[in-house]
2 protein chains.
Amino acid sequence: MNIDRLGPPLDQRADLSAQIAASIRDAIIIGALIVDERLPSEAELSLRFDVSRATVREALKRLAAQSLIRTQRGATGGAFVNRISFEAAQAQQITTSTLLLSMNDVSFETACEARYALERACAPLSADRRHLHHLTVMRDEIERQADAGLTDEAFCASDVAFHRALVDGACNPVLSYQLAGAVEAMQPLMNMITFTARSRDAIITLHRTIADAIEAQDGQAASAGLTALEAETQTLARRVFARRSGSPTPL
Amino acid sequence: MNIDRLGPPLDQRADLSAQIAASIRDAIIIGALIVDERLPSEAELSLRFDVSRATVREALKRLAAQSLIRTQRGATGGAFVNRISFEAAQAQQITTSTLLLSMNDVSFETACEARYALERACAPLSADRRHLHHLTVMRDEIERQADAGLTDEAFCASDVAFHRALVDGACNPVLSYQLAGAVEAMQPLMNMITFTARSRDAIITLHRTIADAIEAQDGQAASAGLTALEAETQTLARRVFARRSGSPTPL
DNA sequence: AAAACCCTAATTGTCTGACATTACTTTTTC
DNA sequence: GAAAAAGTAATGTCAGACAATTAGGGTTTT
């Protein structure tokens with residue numbers, strides 16, 4: 001790797017690892033370092049940047065945390081530019097989205113609205129293109145949700161699985177990736193809700209409506225089902241939160 | 001901080017920094033460490049986890065790379081749990097999305113479809129709630145786009161600004177955050193397109209249609225405009241990539 | 001009494017040198 | 001020729017040191 005491809009010289013004697021990480025990150029983003037290319041060894045980078053190996057390592061760990069590089073030990077090892085997979089990107093996005101919601105006092109209403117708006121965007125595509133296994137997953141999850149012995153957490157998890165199958169039915173990996181954050185990040189908020197047998201029934205009925213619409217390739221009906229489900233969820237949440245603020249409730 | 005809040009003991013003598021980072025990350029996610037809480041000092045963490053300070057530092061740098069913590073020097077300094085801001089989350093999401101698209105041979109068609117599907121999801125909300133300044137930005141950007149002296153890059157940048165104003169009009173920060181990745185990550189792909197005066201005119205006309213619909217609070221018309229704009233963009237891209245067909249087109 | 005100054009302690013940031021571990025390559029041995 | 005052994009280069013970890021920064025307390029000065 002050419003030294004010219006590693007950005008401007010480092011001026012300040014502080015935050016060196018951040019500067020070095022930014023330098024390498026930029027090189028990756030602009031394409032000066034291509035996928036699977038091996039970076040210089042830590043020893044060589046420490047010479048190039050004129051810092052200690054410890055500092056270089058801190059910079060590399062920053063990049064590794066963002067899945068930008070991977071490292072391998074051994075004689076032919078080193079740090080390699082990572083091809084960011086949809087899976088890794090999704091995992092990061094879910095973590096970030098979840099923390100964002102939990103730390104910023106985002107109302108249930110706002111998050112829920114965003115989620116269903118985005119899902120409605122997928123519905124027509126999913127109705128068009130869904131494969132058999134998407135329908136199968138949706139049906140299976142509905143089946144599971146009907147089990148009265150399910151805990152609220154398990155019910156929510158199944159709900160997420162149902163909706164992910166709906167989104168994946170659009171057969172657009174970019175869409176699936178973007179939606180993963182919105183859908184999964186809602187789960188902790190949904191877990192705050194106690195689902196009565198009655199509200200579960202309402203949700204399951206709407207899930208059936210949506211699955212039927214997707215199977216019948218009726219995107220408009222699927223969207224309508226999602227709208228109804230959003231309304232149901234919002235009502236449910238309002239009731240739960242109202243009850244909690246009215247009387248001191250144990251967790 | 002209680003040692004019990006830092007996860008299971010570390011077994012393997014490799015990837016220690018990753019394990020420690022995961023341990024602390026989990027503590028933050030489940031809420032055992034709250035925003036602005038100070039982590040134990042590096043020296044104390046190295047005792048708790050029974051590793052060297054260098055290893056602890058590598059773990060902390062991983063967390064810092066994800067904006068999960070910030071550090072401060074000095075007597076009362078240390079590492080503090082960061083409140084993830086929408087801005088920081090957006091920046092990360094844009095970086096990840098951009099790299100994801102450039103590294104994974106995602107077709108222009110797929111990315112474009114995802115983007116416009118998501119934008120259509122925002123259109124009805126934006127039509128309902130947009131404020132004056134959203135409309136102003138949209139109009140201003142359309143004005144700018146009409147300047148024939150604009151480079152293709154500047155035209156694309158203005159296009160992004162227009163669409164972000166449209167999305168922000170929905171007044172839902174979660175939606176804005178999710179969409180930022182989809183819209184901005186497209187920019188490098190859009191930059192591969194040469195915009196003739198004629199194609200610019202077509203785009204600007206559609207932008208006007210959309211802005212008019214948003215101003216008139218007609219969500220359906222705005223959606224229709226977006227659909228037309230998507231078709232126009234796809235046609236444009238197909239033409240450009242077909243002309244370049246000498247070599248198999250990446251992206 | 002208030003302000004300016006200095007000193008100290010705590011903490012992160014960096015450096016150095018060493019050893020352990022890993023995995024590929026080369027050489028040796030059978 | 002195949003298996004075993006040695007060599008080698010890289011990351012992973014450790015220990016100890018010093019520099020830089022910052023808050024707080026104590027002292028002196030005004």
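All chains are named by letter (A, B, ...) in the order of the sequence lines, taking the proteins before the strands, and each is independently numbered beginning at 1.
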> With side chains defined as the heavy atoms from C-beta onward, is the minimum distance between H163(B) and R115(B) less than 4.5 Å?
Replying inline: yes
From the options [options], select the nucleotide whose nearest atom is closest to the side chain of [X].
X      : options                   : answer
T55(B) : dA10(D), dT21(D), dT13(D) : dT13(D)
L16(A) : dT11(D), dC14(D), dC15(C) : dC15(C)
S41(A) : dT21(D), dA10(D), dG12(D) : dA10(D)
K61(A) : dC15(C), dG13(C), dG12(D) : dG12(D)

>> Apply side chain to side chain contact (heavy atoms under 4.5 Å, CB included) to residues E184(B) and R164(B) and explain how you reach the verdict.
In response: CA-CA 9 Å; E184(B) 299 260 358; R164(B) 288 195 67 157; 2.5 Å; yes
>> Checking side-chain polar atoms at under 3.5 Å, does Q92(A) have a donor or acceptor matched by the opposite partner on S67(A)?
In response: yes
>> As a quick check of understanding, evaluate side-chain hydrogen bond (donor to acceptor under 3.5 Å, both in side chains) for S176(A) and D168(A), giving each step before the final call.
In response: CA-CA 6 Å; S176(A) 293; D168(A) 290 341; 2.9 Å; yes
Atom pairs under 3.5 Å: protein N/O with N/O of nucleotides 5-10 of chain C:
residue : atom : partner : partner atom : Å
dA10(C) : N3   : A75(B)  : N            : 3.3

> Once you round it to whole Å, what is the distance between P of dT22(C) and CD of E42(A)?
Replying inline: 16 Å
> Separation of E58(A) atom CD from dT14(C) atom P, in whole Å?
Replying inline: 7 Å
>> Applying ring pair (Phe, Tyr, Trp, His ring centres under 6.0 Å), can you list everything that pairs with F162(B), at least two apart in sequence or on another chain?
In response: H207(B)
